[in-house]
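Some notes on the structure that comes next.
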Amino acid sequence: MTDKKPFYITTSIAYVNAAPHIGFAMESIEADAIARWMRKKERETFFLTGTDEHGVKIQKTANELGRDVKELCDENSNKFRNLRAILNLSNDDFIRTSDKENHWPGVRKIWHLMKTKGDIEKRKYEALYCYGCEAFFTEKDLDENGECPNHKRKPEVIAEENYFFNLSRYSDEIAELIETGKLRIIPDFRKTEILNLAKEGLHDVSFSRPAEKLPWGIPVPGDPSQTMYVWCDALTNYISGIGYGQTDDPLFQDFWEGGEVMHVIGKDILRFHAGVWIGMLLSAGIKIPDMIFVHGFLTSDGQKMSKSLGNVVDPIDEVETYGVDAVRYFLLREVPVGRDADYSKKRFEEMYQAHLANGLGNLSSRIHTLCLRNNVAPGYVLDEEKDGEFLRLIKDAAARLDSAMKEFVLHEALSAIFSLVEILDQKMTELKPWEMVKKEPEKGAHLLRNFLAAISWIADHLEPFLPGTAERMKKMFGVGTKSLGEPAMLFPRTEMLFGDK
RNA sequence: CGCGGGGUAGAGCAGUGGUAGCUCGCCAGGCUCAUAACCUGGAGGCCGUGGGUUCAAGUCCCACCCCCGCAACCA
């Protein structure tokens, strides 16, 4: 790891029209784990998240509720801001697209640069619009009768003048960036997917809407009759959030221009990030990000999550029930990076019980008790000659952990740590330290120092993934101090949590 | 139509051509330091279907079947 450039990581920004979704929680937690990992590797790291607040949808919701749209955005945005505490995220800042001071100048600046380049132009645009939905449709959205599926009537054809971004002219350049890996798409199969799309040619995109249709947004510079459409507004958060557009922008210089940049997003918006966003940056002459890390979607008990089915999982409820690290564990370990996965309560509880309560929790407990009873103190450093076996076990786990994290395979990384838990349980049974301390006290105590060192290693390396648990374990095992801490029930078994089963 | 992903034990997945593995669950033993935890063993798979290449195929090739995504703002 020679690359010690500053590291900048972002999540997508969440749209404020709905409550935080378990999928967004997963995205935030993945980004957080990577951010924490980088900090641990002593890289200067900046982690940004935030909310996307403009558009007709939230405006409509505000109207229906008879509320002021800005006020509603403030309220909803806070629900996302609060995830920092609830999910134990380490984001360094939180950007809001309604923030006129911090966000808007960057957006205006990039618009201006693109305009100057000749990539933004006014065009006549014909679109299908349903007044019932207050939304535009494409042919594909309509049902077999050519009608709006929600209102069962033919949408109107509206002609309007919009600004368009000439994305198509960047198709080849974008395809090449993806193909050569200058823009790295993780996982690989997403790269293939988006590369094919780019090779087919990207379409120009509508960059504005008439202000009377879209009043809640950023006015187009020099043409207040038009409001910016989502792309230029929302995507720009990644740079406005670190100062782009301000007179003085040291963070932007360090982390964007001089750093390594990773966007963490969902599979649904890859094409906008790999397409529109990269096109915008190319047009404006700004450096492009290095990596786009794409996660899949979660189903709920095998079914698509939807409000109508009522099976949407609320991350906040889950955290209240099981604790934040149990939720983090499930999302990081049980969801294969990049793939779709199922979030089922049954599976969640099985994993919780097996890996966290019976595995990590119980092992911590047995080591702590034995050390406490036999006056084994923390701080022992394993010795190459005397402790070769334990040293090797730890090194193996460390090697697996490093190589997994190098490729951002988070579930594999966590699995590397947890396999050491399993091995330590086996070693315990094999070496019977509780007997050895009776027969040969000094040898027994030394063995326990090995176990203590190993569990301390686990505590330390768990930090990016389960920061709260890592903290508690360090206290419990007195890491960095001279004596053991109080015993702790890290993960109570589910019957202790719920009192049955 | 096309593009992408997937189809391996009850569930979730790993498997780079060479005796089918992991986690969970289930069953039986063992142990007692520990959160009725832990350890060991076991049952359970014609690896989507049909062809082909090969001494050898879950793994390569061809055809087909089934499931899931796929341009607007839904994580």
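Residue numbers begin at 1 in each chain, while the letters A, B, ... track the order of the sequences. Quantities reported herein were computed from a predicted structural model and do not represent experimental measurements.
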Is there a side-chain contact between K57(A) and the phosphate of C74(B), meaning an N or O under 4.0 Å from OP1 or OP2?
yes

Looking at K427(A) and E430(A), is there a salt bridge between them, counting it only when a charged N and a carboxylate O are closer than 4.0 Å?
yes

Side-chain atoms of F24(A) come closest, of C31(B), A75(B), A34(B), to A75(B)

In F272(A), W111(A), F165(A), F164(A), the residue satisfying ring pair (Phe, Tyr, Trp, His ring centres under 6.0 Å) with W231(A) is F272(A)

Counting side-chain heavy atoms from CB outward, which of C73(B), C38(B), C33(B) is closest to T429(A)?
C38(B)

What do you reckon, is NZ of K443(A) surrounded by more than 12 foreign heavy atoms closer than 6.0 Å?
no

Just by distance, do the side chain of E27(A) and the backbone of S12(A) share a donor-acceptor pair under 3.5 Å?
yes

Of the nucleotides U32(B), C70(B), A37(B), which has the atom closest to the R271(A) side chain?
C70(B)

Same-atom distance (P) from U19(B) to G6(B), integer angstrom:
25 Å

For a quick check of understanding: with a heavy-atom distance under 4.0 Å over all strands, which category does T369(A) fall into, base, sugar-phosphate or nothing?
sugar-phosphate

Write out a two-atom table: protein N or O, nucleotide N or O from nucleotides 2-8 of chain B, distance below 3.5 Å.
from  : atom 1 : to      : atom 2 : distance (Å)
C3(B) : O3'    : N196(A) : ND2    : 3.3
C3(B) : O2'    : N196(A) : ND2    : 3.3

Quick one: label F272(A) by what it contacts on the DNA or RNA (base, sugar-phosphate, nothing), any heavy atom closer than 4.0 Å.
base

With a non-hydrogen cut-off below 4.0 angstrom, is L363(A) in contact with a base, only sugar-phosphate, or nothing?
nothing

Considering every strand and a 4.0 Å limit on heavy-atom distances, what is the contact class for G55(A): base, sugar-phosphate, or nothing?
nothing

With the criterion being N/O to N/O and under 3.5 Å, what pairs connect the protein with nucleotides 21-28 of chain B, and how long is each?
from   : atom 1 : to      : atom 2 : distance (Å)
U23(B) : OP1    : E422(A) : OE2    : 3.3
U23(B) : O3'    : H355(A) : NE2    : 3.4
U23(B) : O2'    : H355(A) : NE2    : 3.1
C24(B) : O2'    : E350(A) : OE1    : 2.7

NA contact type, L298(A), heavy-atom cut-off 4.0 Å: base, sugar-phosphate, or nothing?
base

Let's see if you can work this out: which of A36(B), C33(B), C39(B) has an atom nearest to the side-chain heavy atoms of D425(A)?
C39(B)

Lys/Arg N to Asp/Glu carboxylate O, E442(A) vs R449(A), below 4.0 Å:
yes

With sequence neighbours excluded, residues passing ring-ring contact (aromatic ring centres under 6.0 Å, His included) with F80(A)
F24(A)

Quick one: label V437(A) by what it contacts on the DNA or RNA (base, sugar-phosphate, nothing), any heavy atom closer than 4.0 Å.
nothing

Measure from the ring center of Y329(A) to the ring center of F418(A) and say whether it is less than 6.0 Å.
yes

More than 12 heavy atoms of other groups within 6.0 Å of K475(A) NZ:
no

K438(A)/E435(A) salt bridge by N-O under 4.0 Å criterion
no

